[in-house]
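One structure below.
As the structure is a prediction and not an experimental result, all values here were calculated from the model. The chain is numbered in sequence order, starting from 1.
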Amino acid sequence: MQLNQTESWTSDGQFWLAGGAGVATVATLGSLWFSLGLDLIPCTLCWYQRILMYPLVVVLGVAALESHNTVWRTVVPLSLVGALIAGYHSVLQATTASCTLAGPCAVVQWQAPMIGLTIPNLSLIAFVLVTITVFAGSNLAEPVRNY
């Protein structure tokens with residue numbers, strides 16, 4: 001039995017969207033671990049990143065289960081804005097030595113052992129990975145209709 005184009009997209013697209021949901025889930029659980037497990041208080045920029053990441057778990061999860069190949073229209077604005085905020089936050093931490101103008105967002109509260117990534121660096125990676133998976137899992141071309 002040979003798969004047609006729609007069936008082929010469904011399995012590949014669902015795989016990628018599920019991968020994006022997995023990335024968003026790990027990022028969400030990680031942020032909760034930082035605040036609840038390590039008692040780190042999220043700064044303002046961290047809260048914005050959380051606000052943009054948390055809904056992606058549900059949106060991508062439902063899209064993967066129901067094969068919604070146009071979910072990129074919802075996910076991409078959230079993930080790109082999140083990546084911009086995380087990138088700005090990462091730059092603040094890398095370039096600001098004190099907390100004068102930048103406030104508490106420039107403070108490095110946690111750094112990954114051995115690889116040296118901070119929480120905003122990890123958030124940036126997660127947002128970029130979500131963006132990549134949603135583009136890989138979405139059928140951006142208009143479907144061919146046979147009448």
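Checking side-chain atoms of Gln93 against main-chain N and O of His89 turns up no donor-acceptor pair under 3.5 Å. Not a single donor-acceptor pair under 3.5 Å links the side chain of Gln49 to the backbone N or O of Gly82. Remark: side-chain polar atoms of Ser123 are not paired, donor with acceptor, to backbone N or O of Ile119 under 3.5 angstrom.
Counting only heavy atoms from C-beta outward, the side chains of Thr133 and Leu17 never approach each other to under 4.5 Å. At least one side-chain heavy atom of Tyr88 sits less than 4.5 Å from a side-chain heavy atom of Leu45. In this structure, the side chains of Met53 and Ser31 stay at 4.5 Å or more apart for every pair of heavy atoms.
A single hydrophobic cluster is not seen to contain both Val128 and Leu84; linkage of ILVMFWY side chains at heavy-atom distances under 4.5 Å, directly or through other members, places them apart. In this structure, Ile132 is not a member of the same hydrophobic cluster as Phe135, with clusters built from ILVMFWY side-chain heavy atoms closer than 4.5 Å. Cluster membership for Leu92 and Ile125, using ILVMFWY side-chain heavy atoms within less than 4.5 angstrom, is shared. A continuous path of hydrophobic side-chain contacts links Phe127 to Trp72 [ILVMFWY only; heavy atoms under 4.5 Å].
Taking both residues in full, the closest heavy atoms of Ser79 and Thr131 are given as OG-OG1, 2.8 Å, listed atom of the first, atom of the second, then distance. Minimum interatomic distance between Leu122 and Phe34 (heavy atoms only, all atoms of both residues): CD1-CZ, 4.3 Å. Nearest approach of Ala64 to Ala18, heavy atoms of both residues: CB-N, 3.6 Å. Closest approach of Trp16 and Ala136 over heavy atoms only: CD2-CB, 3.4 Å.
The environment of Tyr48 atom OH is sparse: at most 12 non-hydrogen atoms of other residues, nucleotides or ligands sit within 6.0 angstrom.
Distance OG1/Thr28 to CZ/Arg50: 9.0 Å, rounded to 0.5 Å. Interatomic distance, CD1 of Ile41 versus CH2 of Trp47, reported as 10.5 Å (0.5 Å rounding). Leu117 CG to Ser90 OG: the interatomic distance, rounded to the nearest 0.5 Å, is 9.0 Å. Interatomic distance, CG of Leu80 versus CD1 of Ile85, reported as 11.5 Å (0.5 Å rounding). We find the OG1-CG distance between Thr74 and Leu56 to be 9.5 Å, quoted to the nearest 0.5 Å.
Screening Val76, Leu78, Leu52, Val75 for a side-chain contact (heavy atoms from CB on, under 4.5 Å) with Val130, the sole residue that qualifies is Val75.
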Side chain to side chain contact (heavy atoms under 4.5 Å, CB included) between Tyr54 and Leu32, intermediate numbers included
CA-CA 10 Å; Tyr54 287 11; Leu32 292 172; 3.5 Å; yes

